Amino acid sequence: MSFAGTVIDWQRERGRHDLPWQGSRDPYRVWLSEIMLQQTQVATVIPYYARFLSRFPTLSALARASQEEVMPYWAGLGYYARARNLHRCARVVMDDWQGSFPENAQDIAQLPGIGPSTANAIAAFCYNARQPILDGNVKRVFCRYYGIEGDTQKKATESILWERAWQHLELAPDDVDMAAYTQGLMDLGATLCTRSRPACERCPLAAGCVARREGRQAQLPTARQRKVVPQRQVCVLILEHKNRILMYRRADKGIWGGLLTLPEFADRRACTTYLQQALGEHALPVPLAAFEHVFTHFRLHIEPALLHASELPAVLPPVGEDADQASRWQWVTLDALADTALPAPLRKLLTGYFDGNSTRAIDTPRLF
C-alpha cells in the first residue's frame, strides 16, 4: 500500500473526526480554521472558531465588517497580523473574485495572509486538489520518517521536505481522497508523532520510520538553536473615571496592532510624572503586582499602575511624542471590557482586578 493509502486508512479508522471545521468543503470555514490553527493549539482555537462564525457566518459578512468590529473576536489568540490579513483577504475575495475563493492553489496563495501550505490545504479540503501541505506537524512526521536533519525553518531543509511531500502524491492513486490524506497527516503529527513521547507503537508508518529504527525520535526534527530571549519593560496605566477605563487604539502594525491597550510608559516614575503634569500633584497612582508575558521573540515585564479620577481636564495630553494620539484615545465602560479587543495579558489584568473589586477599594487613591 502507498504512503498516502496507509495514512488515509489510519485517518478513517483512528484519526480525529469531531473537530468543528471537519467535513466542510466551504472554503471560508476551512480557511478560517487553517489561519486560526497557525501557531495555536486546537483546544484554544475551538471556542474562538465558534464565536467568530457566530458573528461572521459568511465571508461576505466578514468583508462588510470594519477591522474594529473584527479584532474583539480575535483578541487573545495572538499573532494579530493574522486577523488583519483575514479581514483584508475577505475584502479582496469579494472585490476581485466575486465573493468566491479561487479553486487553484497558486491563486489562493496570492491572497493576503495565505502561504503555500495553507493555500494547498484549502485546495485539498475543498476541491480535492492534489496539493501537499507542510505545517509544523507534517514537517515533524516527515523529518522522523525519513531521518531528515536540519532546521525546518531554513530554506534548504524545507525544500527537501517539500520534495518528499510531492513524491508521496505522485505515487498516490488517481482517486486519492485528498481531504482524508491531508487530515491524516495533521492528525498523525498532532496525536501520535508528537514533540515528546511519540506513540510509535500505534503509528501506521512505524515500519518504515528512520527515527524509530535508529532511536532518534528525540533528536528529530533538529532542535533550533536557542537564543537569549531579550526582556522589555513597560508600565501600563489603568485610569478609571466614572466606571470607564481610558484606552488607546494601536496602529495596525506590530504585535498588538489594531487592538485597544492601556496607556504605556517606560516605567512607573514616568507614569506618575505624566499624571501629575496632566492632573495635578495629588495624582499618585497605586502600583499593582507586576507580571510577565512571553512572546515569541521577547519577554515583556509589565508593571501596572492604577488611579481612579473623579475629574479630568477637557483634553488629556499625549503620552510620549505621538501627536495623533488624542484621536486614538477611547473610554471603555467596565461592563464592556468582555467584548473589547484587548491583548490577552491586559485582559487578564483588568478582569482580575475589576472582577475582584465590584466596588472600589477603600485604599485606592482617588483624584478629586
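The analysis underlying the following values was restricted to heavy atoms, covering all of them including side chains, and did not include hydrogens, waters or symmetry mates. Model, not experiment: these values are computed from the prediction.
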Hey, does the side chain of Arg140 reach the backbone of Pro221 with a donor-acceptor pair shorter than 3.5 angstrom?
no

Heavy atoms from other residues, nucleotides or ligands near CZ of Arg91 exceed 12 (cutoff 6.0 Å)
yes

Do the side chain of Gln22 and the main chain of Asp18 share a donor and acceptor less than 3.5 angstrom apart?
yes

State plainly whether the residues Glu170 and Arg130 are in salt-bridge range, i.e. N to O under 4.0 Å.
no

Can you check side-chain contact (heavy atoms from CB on, under 4.5 Å) on Phe56 and Arg64, steps first, answer last?
CA-CA 9 Å; Phe56 311 106; Arg64 287 194 303 269; over 6 Å; no

Check the pair Cys89 / Asn85 against side-chain contact (heavy atoms from CB on, under 4.5 Å), numbers first and verdict last.
CA-CA 6 Å; Cys89 181; Asn85 283 330; 5.8 Å; no

Among residues at least two apart in sequence or on other chains, which ones pass side-chain hydrogen bond (donor to acceptor under 3.5 Å, both in side chains) with Asp135?
none

Does Arg299 use its side chain to pair, donor to acceptor, with the backbone of Pro230 at less than 3.5 Å?
no

For Arg144 and Leu220, indicate whether the former's side chain and the latter's backbone hold a donor-acceptor pair under 3.5 Å.
yes

Which residue pairs pass the ring-ring contact (aromatic ring centres under 6.0 Å, His included) test with at least one member in residues 168-226, sequence neighbours excluded?
Phe3-His168, Phe142-His168, Tyr146-His168

Donor-acceptor contact below 3.5 Å, side chain Asp187 vs main chain Arg16
yes

Going by the ring-ring contact (aromatic ring centres under 6.0 Å, His included) test, which pairs reach into residues 5-25, not counting sequence neighbours?
Trp21-Tyr49

Parallel, tilted or perpendicular, judged at 30° and 60°: which one describes the rings of Tyr73 and Phe52?
perpendicular

Identify each donor-acceptor pair in which a side-chain atom of residues 210-219 lies under 3.5 Å from a protein atom, sequence neighbours left out, and give them as a table.
residue : atom : partner : partner atom : Å
Glu214  : OE1  : Arg216  : NE           : 2.8
Glu214  : OE1  : Arg216  : NH2          : 2.9
Arg216  : NH1  : Glu149  : OE2          : 2.7

We want to know whether Asp252 and Gln67 form a side-chain donor-acceptor pair, criterion being a heavy-atom distance below 3.5 angstrom.
yes

Tell me if the aromatic rings of His293 and Phe291 count as close, with their centers under 6.0 Å from one another.
no

Please check this pair: side chain of Thr157 against backbone of Thr152, looking for a donor-acceptor N/O pair closer than 3.5 Å.
no

Looking only at non-hydrogen atoms, find the nearest pair between Met36 and Tyr48 and report the distance.
CE-O, 3.8 Å

Return yes if some donor-acceptor pair links the side-chain N/O of Ser33 with the main-chain N/O of Val30 below 3.5 Å, else return no.
yes

Is it true that atom CZ of Arg29 has more than 12 heavy atoms of other residues, nucleotides or ligands lying nearer than 6.0 Å?
no

What pairs with Ala199 under side chain to side chain contact (heavy atoms under 4.5 Å, CB included), at least two apart in sequence or on another chain?
Leu192, Glu201, Arg202

Set out, in order, the CA-CA distance, both residues' side-chain angles and the distance that settles side-chain contact (heavy atoms from CB on, under 4.5 Å) for Val7 and Leu185, then state yes or no.
CA-CA 7 Å; Val7 172; Leu185 286 175; 4.2 Å; yes

For His301, which residues count as a ring pair (Phe, Tyr, Trp, His ring centres under 6.0 Å) partner, sequence neighbours excluded?
none

Could you tell me the separation between the CH2 atom of Trp331 and the CE atom of Met247, rounded to the nearest 0.5 Å?
10.5 Å

Which heavy-atom pair separates Pro112 from Val92 by the least distance, and what is that distance?
CG-CG2, 3.9 Å

Between Trp256 and Phe295, does the ring centre distance come in under 6.0 Å?
yes

